[in-house]
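As a basis for the values below, the full set of heavy atoms in this structure was taken, side chains included, without hydrogen atoms, waters or symmetry mates. The chain is numbered in sequence order, starting from 1.
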Amino acid sequence: MGKNTIQGKLPFGERVKKAIGVKGDFKTAILPMINYSWANMYLAGAGYIISMYYMVFLTDVVHLSLELAGVSIMIATLWDAITDPIMGIITDRTRSRTGRHRRYLMWGLIPMVISYTMMWNGFGLDGKAHPGATMAYFTVTYMIYKTAYTIIGVPHTAMLPELAPDYDLRTQYNSMGYLFNSAGMVPSFAITVMILSLFGCNNDINSSAKAPFLIVGIVLSLLYCIAVFLTYRSVREPSSLEMVNPPLDIKSLLNEYVQVFRNKSFRQYFFMSVAYQFSTGFYNNTKVYYIKYLANQYSLYAVHNAIAGVAEAAAFPLNYALTMKHGKKKCGNIVTPLMVAGLAIGLFMQPEGNGASKYLWIGLMILSMVLYPFGMSGLGFVSTNVFPDLTDVDEAITGRRREGVLSTFNTLIKKSVGGVMTALVGFALGGFGLVTGDTVTEYEKANGSLYPQTSTAVFGVRVCVAIIPIVAAVIALYLLQRFKMTKGDHTMIRAAVATKHKYGAVELTEEEKIAFKEVSGQDFENTWLGQNEGCAEPHGLETDFNGEYVILLELEEERKRLIEEQKAREEAEKESKLNLQN
């Protein structure tokens, strides 16, 4: 008998799945992850192109000053921060036959396509001739786009804890999402570079790039429309028609967000992720000026970004393996120092020269483009995977599923910080005296050399692309060490919540109560979990023969049953419509 037919040996595909920690078969486990993740192509791809090109589009193509461009983006981002909590409350309170979240993905498509196209077309407006009107136009169009993004993105994020209740399953969903992030960013970048290259604008962004950027907006918005529609078409949620919403007034609305910060794990996550965003935000908003005006390597901008994309994608298998084997913090602890090393290169980067020095600086920039995204992905992976677990802790405290509230309160503050930070970058670079736009292009064409930025302007770029991001990244890494929730803690909380739902009361041991307080920041008796509903007899948590907590599955089976019933009703309605048409 050959080796491959030894009794009990798993097929090759199953061995691979076991080695990397994937659970379930294709139809019941992997396909639902794919269906949910289609929308990530839009959510990641659109933001990637905006972070790479929108600031320089405003300053070098439509000629807004650095200060006005920064303020324009700040206003739109603050608007986005305001609309996120509103959308979160709407989704959490939506009573619908098709579920709380799914319908909004379709509702956001048309405003997304229109606004994303308008963002890249100023209809002849120019920041030199009409700075006020130009700023107003791009601010309003970006605000409309941000609203459409919120209508799609908030419900999509809020769906995940419901679709993937298990600790490891959520990591698998988020990992699939990371793959689809790349599937959105890489084609978006390739399409943008190809269109700019066809018009001869890839090596220098200036006022001649207005037409190609409009085409970029049209093409990408249609691509993203297809991606979001695929998620809408293929994901199913249970009906929420039976859900009962408490009255909503100003006092109760404010209390919704006060309750969020009762959650100690959320507080730890929140401040860590704000510091991380501060680091990546300053770097991303400055990178194009760093490459164009400090390193004099803008002709290699596409190459550098392609290398960065490959490096970030290459980190995914390591991040996933570390997370599945050692928990959700491990990859952040191990790879984040590489992020700091990549940022540190910006402290001494010089414009490329001639001969050997030219290749030295190009080589260092390439090294930076490898180290920074590879290391940055660690904290990003931690942040993405940790967040869904916070909703279970919140439910243990409040007794309600509030994915939308947690998600949008989180983004409210972070986007507010991000919007102000974008303006700070614009004012900082402008204040340090950085010169941008056609003045630079005309000088370089006439003289064949880099525009002579002042030493103060060069220092300003270093501050925004290296010094501030390094400090923020170190703070984020320190705060990561303070995050305490483990897989065992999360499983215990889910088991306690399920037991409470089934019996009306749950009893924890003293050791479990200590662990619960460490994660939630609350005494067990002061939370929904510790309240006895209707004088029910408290039940302790069940464990299996390995001593691991058993999560009562009745609620999960009920959720699956409702989804199947909903799917059957939709098919019956579709068949009925076809019969009427015939």
Side-chain angles (χ1 to χ4, degrees), residues 37-62 109 112-123 138 141-142 145 149 178-230 284-285 287-293 295-314 362 365-366 369-370 372-373 436-438 440-441 444-445:
S37 300
W38 285 116
N40 284 67
M41 294 182 65
Y42 158 60
L43 298 172
Y48 184 58
I49 297 304
I50 290 171
S51 69
M52 285 178 57
Y53 287 102
Y54 197 56
M55 185 79 167
V56 75
F57 169 78
L58 294 179
T59 59
D60 290 24
V61 178
V62 298
L109 286 184
M112 181 273 287
V113 171
I114 294 173
S115 59
Y116 195 76
T117 301
M118 292 177 66
M119 281 174 57
W120 303 101
N121 179 28
F123 293 99
F138 283 104
T141 55
Y142 199 16
Y145 169 74
Y149 188 95
Y178 259 83
L179 295 177
F180 275 77
N181 288 348
S182 298
M185 291 188 294
V186 172
S188 298
F189 177 66
I191 289 169
T192 303
V193 170
M194 180 181 67
I195 293 173
L196 292 177
S197 298
L198 288 174
F199 284 81
C201 301
N202 195 44
N203 289 337
D204 189 24
I205 300 295
N206 52 54
S207 56
S208 66
K210 290 179 180 178
F213 270 114
L214 172 59
I215 296 173
V216 167
I218 294 171
V219 173
L220 291 184
S221 64
L222 294 176
L223 173 66
Y224 301 146
C225 184
I226 294 170
V228 175
F229 178 77
L230 286 172
N284 289 335
N285 282 309
K287 183 173 74 170
V288 64
Y289 303 108
Y290 168 49
I291 293 175
K292 185 173 184 178
Y293 297 126
N296 191 27
Q297 296 184 31
Y298 193 77
S299 62
L300 298 174
Y301 188 59
V303 174
H304 288 326
N305 281 287
I307 291 171
V310 171
E312 184 176 358
I362 290 176
M365 181 62 76
I366 290 174
M369 292 297 114
V370 172
Y372 169 78
T436 65
D438 286 352
V440 173
T441 300
E444 293 177 352
K445 286 181 178 178

Within the structure provided, determine whether [X] and [Y] are in side-chain contact (heavy-atom separation under 4.5 Å).
X: L214; Y: I218; result: yes
X: Y293; Y: Y298; result: no
X: K292; Y: T436; result: no
X: V62; Y: F57; result: yes
X: L58; Y: Y142; result: no

Is atom CH2 of W38 surrounded by more than 12 heavy atoms (other residues, nucleotides or ligands) closer than 6.0 Å?
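For W38, atom CH2 is not crowded (no more than 12 foreign heavy atoms under 6.0 Å).
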Give me the atom names and distance for the closest heavy-atom approach of [X] to [Y].
X: M119; Y: I50; answer: CE-CD1, 3.8 Å
X: M112; Y: S221; answer: CE-O, 3.9 Å
X: M369; Y: P373; answer: O-CG, 2.8 Å
X: N206; Y: V61; answer: O-CG2, 3.4 Å
X: V288; Y: M52; answer: CB-O, 4.2 Å
X: A44; Y: N181; answer: CB-OD1, 3.4 Å

Hey, are S188 and Y224 close enough side-chain-wise for a donor-acceptor pair under 3.5 Å?
yes
Supply the atom-to-atom distance [X] [atom1] to [Y] [atom2], rounded to the nearest 0.5 angstrom.
X: Y290; Y: H304; atom1: OH; atom2: NE2; result: 9.0 Å
X: F123; Y: T141; atom1: CZ; atom2: OG1; result: 9.5 Å
X: L109; Y: Y42; atom1: CG; atom2: OH; result: 9.0 Å
X: I362; Y: N296; atom1: CD1; atom2: CG; result: 9.5 Å
X: L196; Y: F199; atom1: CG; atom2: CZ; result: 9.5 Å
X: M185; Y: N305; atom1: CE; atom2: CG; result: 11.0 Å

Would I191 and L223 count as a side-chain contact (heavy atoms from CB on, under 4.5 Å) if you check the C-alpha gap in whole Å, the side-chain angles of each, and the deciding distance to 0.1 Å?
CA-CA 10 Å; I191 289 169; L223 173 66; 4.2 Å; yes
Are Y116 and Y149 close enough that their ring centers fall under 6.0 Å?
no
Between Y301 and Y53, is the ring centroid distance below 6.0 Å?
yes
Going through the distances and angles, do V303 and I307 end up as a side-chain contact (heavy atoms from CB on, under 4.5 Å)?
CA-CA 6 Å; V303 174; I307 291 171; 3.9 Å; yes
